[in-house]
Amino acid sequence: MLHLIPRIKTLAAEAAADTVALRQHLHAHPELSFQEHNTAAFVTEQLQKLGLTPQSIAGTGVVALVEGRNPDRRTVALRADMDALPITEQNEVAYKSTNPGVMHACGHDVHTSSLLGVARILVALKDEFEGSVKLMFQPGEELLPGGASLMIQEGVLENPKPASVLGQHVFPRLPAGKVGLRAGRYMASTDELYLTVRGKGGHGAMPEQNIDPVLVAAHIIVAAQQIVSRRANPKLPSVLSFGKVIAQGATNVIPNEVYLEGTFRTLNEEWRNEAHEHLRRLCEGLAESMGATCELEIRRGYPYLENEPALTARTEQAAVEYLGRDNVVELDQWMAAEDFAYFSQAASACFYRLGTAAADGSGRFTSSVHTPTFDIDAQALETGPGLMAWLALRELREDTAAS
């Protein structure tokens, strides 16, 4: 099967300009989570041009099947997310966002155009492989409950049931032409915290007549860190952060209440549940001990992301075959969250990172995701489709020897 690599690389190179054009179109026309109506229509049109029969799923999601010879033999699923972020783009490029306040700042335009490129390659090779490849274009990765969960609920992992699910994500800390992987626990669960502390406001010069919710909130912010430092297993990564505090008093006014927002993240579902209870007891108990009350809402977000070890080992080996050993690196754990985690909880899955920084080492294209200056080296749009097509075909043959 290794003989297909030069063919795939040639197809990826021949399609590179078109893949870049697809990405630039998507980048210029971003849509927010679960509002990807035009994006879904565009993806559907591109798939139909390839002779595929795409179907709608989860509102603005799209799924299509590329069938090779003996299509029922084995199925592999590939996922790309399609939504953008509420960010105003600062890049001055020809393909700059035309939707004010909306930007593809997390690379989902790259993921979508790359998967369209994969579709093109696989269609050209459909007589060269056995089995089927399911293409999953997912809405709403950036917004709870996450489009992956909705697609799963609507049966995207059935009929046919994939033996494995692969996903890729841009990574501006690696140059284009390289990829990164990590087996096992890779990305964190994420929960949103909304806390209201209520006291009794009044004049700042007469604190004895008040119950100061600002002081109570300050104690909670500090004390809550002991959940991570003293309750969690020190070998298990956990993060508790409060990023928003609103106390609408004044220099001489103690407010009646303080509002806080934060996040809790970890890599173990059992500890995640325990930590929720610890946090509730701490907030309520500390507030009561100081004469105040509090209400804590925990909005449960995505689970942690687990890369199945055997699949990840095969994916790494296939990436080495395609890119060379020096272009495949091991990643550290990352406490950000991704709703691909739902796929990893429901199937054998591997989520890897696609280098998007300048391949020439110039230092360009290193802005982080979720920033208004994020952009990529277009070389990634040749590497991404070709590699993913090879990974899919290699995984279709995982139970046979390479040839």
Side-chain angles (χ1 to χ4, degrees), residues 1-23 43 46-47 49-52 54 62-71 73-81 110-138 162-170 176-179 181 311-312 314-324 327-328 349-356 378-398 400 402-403:
M1 194 172 192
L2 293 174
H3 70 279
L4 285 177
I5 290 180
R7 182 111 179 261
I8 292 172
K9 288 186 174 181
T10 297
L11 289 169
E14 291 174 348
D18 288 339
T19 306
V20 169
L22 292 173
R23 185 258 169 166
V43 167
Q46 298 304 313
L47 294 172
K49 287 180 179 179
L50 295 173
L52 302 178
V62 180
V63 62
L65 202 64
V66 181
E67 296 182 327
R69 295 178 289 106
N70 190 15
R73 178 184 175 277
R74 183 179 176 86
T75 300
V76 172
L78 308 177
R79 174 268 205 171
D81 38 13
V110 178
H111 308 160
T112 298
S113 57
S114 182
L115 190 54
L116 288 171
V118 172
R120 180 170 176 168
I121 294 170
L122 294 178
V123 167
L125 296 175
K126 64 182 181 180
D127 294 330
E128 304 288 333
F129 67 89
E130 288 187 283
S132 298
V133 179
K134 183 176 287 190
L135 310 174
M136 305 186 302
F137 295 87
Q138 180 208 303
S164 53
V165 182
L166 300 174
Q168 68 175 1
H169 197 291
V170 297
K178 294 180 180 288
V179 295
L181 304 93
L311 171 61
T312 304
R314 295 195 301 270
T315 302
E316 179 181 5
Q317 178 57 37
V320 170
E321 292 166 351
Y322 191 85
L323 298 173
N327 292 319
V328 181
C350 178
F351 190 68
Y352 63 93
R353 308 302 296 278
L354 176 70
T356 56
Q379 172 61 35
L381 291 167
E382 181 177 333
T383 302
L387 174 62
M388 188 171 247
W390 169 244
L391 296 180
L393 296 185
R394 194 69 180 82
E395 186 60 20
L396 285 176
R397 291 286 301 276
E398 71 86 17
T400 62
S403 59

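Residues take their numbers from the sequence shown, with the count starting at 1.
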* Any side-chain heavy-atom pair from S113 and L381 closer than 4.5 angstrom? -> yes

* Measuring from I5:CD1 to L387:CG, what's the distance to the nearest 0.5 Å? -> 9.5 Å

* Asked: How long is the gap from NZ on K9 to OG1 on T383, to the nearest 0.5 Å?
  -> 9.0 Å

* List in chain and number order the residues that pass side chain to side chain donor-acceptor pair (under 3.5 Å) with Y352, two or more places apart in sequence or in another chain; answer none if no residue qualifies. => Q168

* Structure fact -> For A392 and V76 the tightest heavy-atom approach is O-CG2, 4.1 Å

* Sequence neighbours left out, what passes side-chain contact (heavy atoms from CB on, under 4.5 Å) with A318? Give chain and number order. => E321, W390, L391, R394

* To the nearest 0.5 angstrom, please state how far the CG atom of L393 sits from the CE atom of M388. => 12.0 Å

* side-chain contact (heavy atoms from CB on, under 4.5 Å) involving A119 - partner list, sequence neighbours excluded -> L47, L50, L52, L135

* 4.5 Å side-chain heavy-atom contact, V165 and M136 -> yes

* To do: Write down the atom of L311, the atom of S164, and the distance for their closest heavy-atom approach.
  => CD2-CB, 3.8 Å

* To do: Check whether any side-chain heavy atom of T19 sits under 4.5 Å from a side-chain heavy atom of L116, and report yes or no.
  => no

* In Å, rounded to the nearest 0.5 Å, how long is the span from CG of L115 to CZ of R79? -> 10.5 Å

Donor-acceptor pairs under 3.5 angstrom involving side-chain atoms of residues 120-129: please list them, not counting sequence neighbours.
| residue | atom | partner | partner atom | Å |
| --- | --- | --- | --- | --- |
| R120 | NH1 | D18 | OD2 | 2.7 |
| R120 | NH2 | D18 | OD2 | 3.3 |

* **H111: side chain to side chain donor-acceptor pair (under 3.5 Å) partners, not counting sequence neighbours** => D81

* Report the residue from N327, L323, V320 that forms a side-chain contact (heavy atoms from CB on, under 4.5 Å) with V179. => L323

* Side chains of V63 and K134: closer than 4.5 Å at any heavy-atom pair? -> yes

* Structure fact -> Sorted by chain and residue number, the salt bridge (Lys or Arg N to Asp or Glu O under 4.0 Å) partners of E316 (sequence neighbours excluded) come out as R325

* Structure fact -> Note: L354 and A380 closest approach over all heavy atoms is CD2-O, 3.9 Å

* Locate the shortest heavy-atom distance separating P385 from S114; write the atom from each residue and the value. => N-OG, 3.2 Å

* **Approximate separation, where rounding is to 0.5 Å, of L2 CG and Y322 OH** => 13.0 Å

* Structure fact -> Sequence neighbours excluded, the answer for side-chain contact (heavy atoms from CB on, under 4.5 Å) partners of P71 is E67, S132

* Verify, without hydrogens or angle tests, whether R353 (side chain) and V170 (backbone) share a donor-acceptor contact under 3.5 angstrom. => yes

* Who pairs with R314 by salt bridge (Lys or Arg N to Asp or Glu O under 4.0 Å), at least two apart in sequence or on another chain? -> E395, E398

